[in-house]
Amino acid sequence: MGAIKNLFKNNIRQYSMIVALIVITLLFQLLSDGILLKPLNVTNLIQQNSYILVLAIGMVLVIITGHIDLSVGSVAAFVGAISAIMMVDHHMPFWAALILSLLIGAAVGAWQGFWIAYVRIPAFIVTLAGMLLFRGLTMVVLNGQSIAPFPKLFQKMSSGFLPDIDGNGSIHTLTLIIGVVLSLLTVVQEFRNRRTQRKYEFDVLPMPWFIAKLVAIVAVINVFTYVLAEYKGIPFILIILFVLVVAYSFVMKKTVMGRHTYAIGGNEKAAKLSGIKTKRVTFWVFVNMGALAALSGLIYAARLNAATPKAGTNFELDAIAACFIGGASASGGIGTVMGAIIGGLVMGVMNNGMSLIGLGIDWQQGIKGLVLLLAVGFDIYNKNKTA
Amino acid sequence: MTDYILEMRGITKTFPGVKALENVNLKVKEGEVHALCGENGAGKSTLMKVLSGVYPYGSYEGDILFKGQVCQFKDIKSSEALGIVIIHQELALIPYLSIAENIFLGNEQQSAKGVVDWNETNVKAKEMLAKVGLQESPATLIHNLGVGKQQLVEIAKALSKRVKLLILDEPTAALNEEDSENLLNLILTFKRQGIASIIISHKLNEIAKVADSITILRDGKTIETLDMKADEVTEDRIIKGMVGRDLTHRYPERVPKIGETIFEVRNWNVYHPQHLERKVIDNVHLHIRKGEIVGIAGLMGSGRTELAMSIFGRSYGRNISGQIFKDGKEVQLRTISQAIDNGIAYVTEDRKNYGLILIDDIKRNISMASLGKISRRSVVNENEEIVVAESFRKKMNIKTPSVRQLTGNLSGGNQQKVVLSKWIFSGPDVLILDEPTRGIDVGAKYEIYTIINQLAAEGKGILIISSELPEILGMSDRIYIMSEGRITGEVNREEASQETLMKYMTKSRG
């Protein structure tokens, strides 16, 4: 039992967020008479929130280093606009425009990262300036007007689905197969982890608990893919998100680069004196944020099938809120990619759920604000209690 | 017995795991200057915090009597209301406010409720400044003043609170000779005006000059109270009281096995990072041999830490020039990672701000400087990390239930062991230890000394910087003495004594 208690104590924040997400989901599932978890709505939920989740992944890295980025909404709009000019006005091929757009985003991030990391201007100021600058530039390049429509292939990025293998239409077979394959991979990975931990003679979960955990994970994966399969299968955007989450979680958890990022946020001076190249790491975190902001802008433009001067307004606030709801610390050093995703989903499910039950946008804003405050309040209360 | 202004009886204060004060008694007579002596960690500051209400009534045992009245202070305000004012070693002035504003901070002169009366403020500030003999306009900003004058502003602030008992914690530690002299004379002037003072100081010559009586603390206990005149107190007498009889056993035995020169610095010059014309380190030469423990002694501000940090990958200073040799070959240590790669480690004097990530656990702190050793293709092996951390936990005797414990929750001694583990894990040949036992209790100090000796026995070169002369004398095979950015002397263990060191430490330019 000691091992389980420890596991729970060390991850109380993660678990409480997951529990909160489940409670909120069930609540709206009831209130909306079961519409929330209908296959169509689940697919919608994913597509609606994808661009915020992409931003949240980059933002949590920025917040872990102890900074903030207010410019991502404007940068997303700016890159969306440029991509429209490239693809719609100049008929550039889809893939070339995509790569160029991401590079432009990275360049924007490098511009801001330079002022923050090397000139040491506070990120709040640099990115506030960036927010104004790139919103202005968006309007300049668009001449204040929207550009549409995008090529079909580009639209598919955020509204397309994985094609099916048999195509008989009733249920999406490939999606089900992917669910099974993922379950198998997870089980194998969990067993391998367990074996290495045993090799190092660490405490592991007792076998029955371990099996219970596996069954739960496998059930969640397959129920989820089944729900998706009932509609049109796996949206492309979910694959992009999945890859991003896995990759960034891996980098932040397992690699030297990730460790350095946490160390800088935890105590920059100590990190520096331990040989960590604090300026360089900070710079690259912002370059990365720029590239992800660009990706987010592309996804949004593709979903809307237009580049508009007002695109991305307040995206930065949603992304920042997602990180803090997901347990990131405003003073840096603490936060996870998974937490930011869960935080983003909490916001997304609430948005969607409140719309479904007919709450106005006015109440939605207010309630979201309170949830943010309560989530962080709960976090700080917990920390003070354990300290 | 009304001739005592202050009596503290049987004060006992415990922190989790440590008994900081045990049945301490302190009696200060009306209008006297009373010195409080003891080593770092003897409990002087804790005692003064109990007195001033930083540790409120109820968090300690024992009684405080001020002018015969039992007092139960719940915060600093309530002790200040009676005229007990403490001036801490780290000055608590706000740099971008004026002298007058600082003097009346928290005690603003008001014409109507909540409205500051600036005329009154300035007139009174001038009055206070005259009393402490500081010729500055009350409108001058604090950050334009030197440390000596800032100290005087602190005292003026104390006077504005109608001080009856002034407590000065190491008032002259950061001052030069002249400013110190002024300050001590001021204390004597106050004495004639009937203000009693408690002065905490390591500088025994100062104590001999101003104090009427002296109380010595050791390991949180009162050792004795001496009357300076009646008891014919000498400095040796005070030292004996401070360190007790077991001085010889405070440093573990060691037979030095000294080899070739492993590390050498030549013609080292460093300028201040902001004031580019100020030379902080002036033409320093030094060398360390294998298995040798070399001490650097010097007063605060003599450039010891600046020297160490500038050597360690140029982490301090600008326009650095000079050469560094490792094993006889010249090396370039332009960045901290180059320094680490060349087997140099620097253990900072300020472990909380520069040494540890307090919100991270022990294992991550230990691996921070050498993640390369436990990772393959830049992927960290977290299982290996735990194994490494566990081995250090055992070897260094870090008292913690688990290596997943946050370093912020550890005691000072255990934190220092984590910082040492981090640097030992980086596999250095040369360790620079800056104040390795600052703020650590006596038992943990001994353990740290043992570790340092072990490192030397393994053939590493060790450089110890310390403000505590006994520590330098007890640990070092050879000692460099710094003053004003230069090395003013070099002595071997046999010829070293507090007096010789002090002579070189106070040797000034020209």
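Residue numbers begin at 1 in each chain, while the letters A, B, ... track the order of the sequences.
For residues 349-356 of chain B, a heavy-atom distance under 4.5 Å to chain A picks out B/K352, B/N353, B/Y354, B/G355, B/L356, given by residue number. Scanning residues 385-398 of chain B against chain A with a 4.5 Å heavy-atom cutoff picks out B/E385, B/I386, B/V387, ordered by number. For a heavy-atom cut-off of 4.5 Å, chain A lies close to B/R364, B/S367, B/M368, B/A369, B/L371, B/S375 in residues 363-376 of chain B. Below 4.5 Å, heavy atoms of chain B meet heavy atoms from A/T255, A/V256, A/R259, A/H260, A/Y262, A/A263, A/G266, A/N267, A/K269, A/A270, all part of residues 255-270 of chain A.
Summarising the geometry, atom CG belonging to B/N383 is positioned 8.0 Å from atom CG belonging to A/N193; distances are rounded to the nearest 0.5 Å. B/I336 CD1 to A/S274 OG: the interatomic distance, rounded to the nearest 0.5 Å, is 8.0 Å. Of the inter-residue distances, the one linking A/L273 atom CG with B/W423 atom CH2 reads 7.0 Å to the nearest 0.5 angstrom.
Enclosure of atom OH in A/Y118 by more than 12 non-hydrogen atoms of other residues, nucleotides or ligands within 6.0 angstrom is indicated. With a 6.0 Å radius and a threshold of 12 heavy atoms from other residues, nucleotides or ligands, A/W284 has its CH2 atom at or below the threshold. Heavy-atom neighbours of B/F325 CZ from other residues, nucleotides or ligands within 6.0 Å: above the threshold of 12. Atom CZ of A/F242 has 12 or fewer heavy atoms from other residues, nucleotides or ligands within 6.0 Å. In this structure, A/K253 places its NZ atom where only 12 or fewer heavy-atom neighbours from other residues, nucleotides or ligands lie under 6.0 Å away.
In this structure, chain A has no heavy atom under 4.5 Å from any part of B/D341.
Residues A/G275 and B/S337 come closest through the heavy atom pair O-CB, 3.8 Å.
Within the 4.5 Å cutoff, the side chain of A/K272 has no heavy atoms near those of the B/S315 side chain. Residues A/K254 and B/V379 meet the side-chain proximity criterion, which asks for heavy atoms closer than 4.5 Å.
Your options are B/Q338, B/E384, B/R377, and the one with the most heavy-atom pairs under 4.5 Å with chain A is B/E384.
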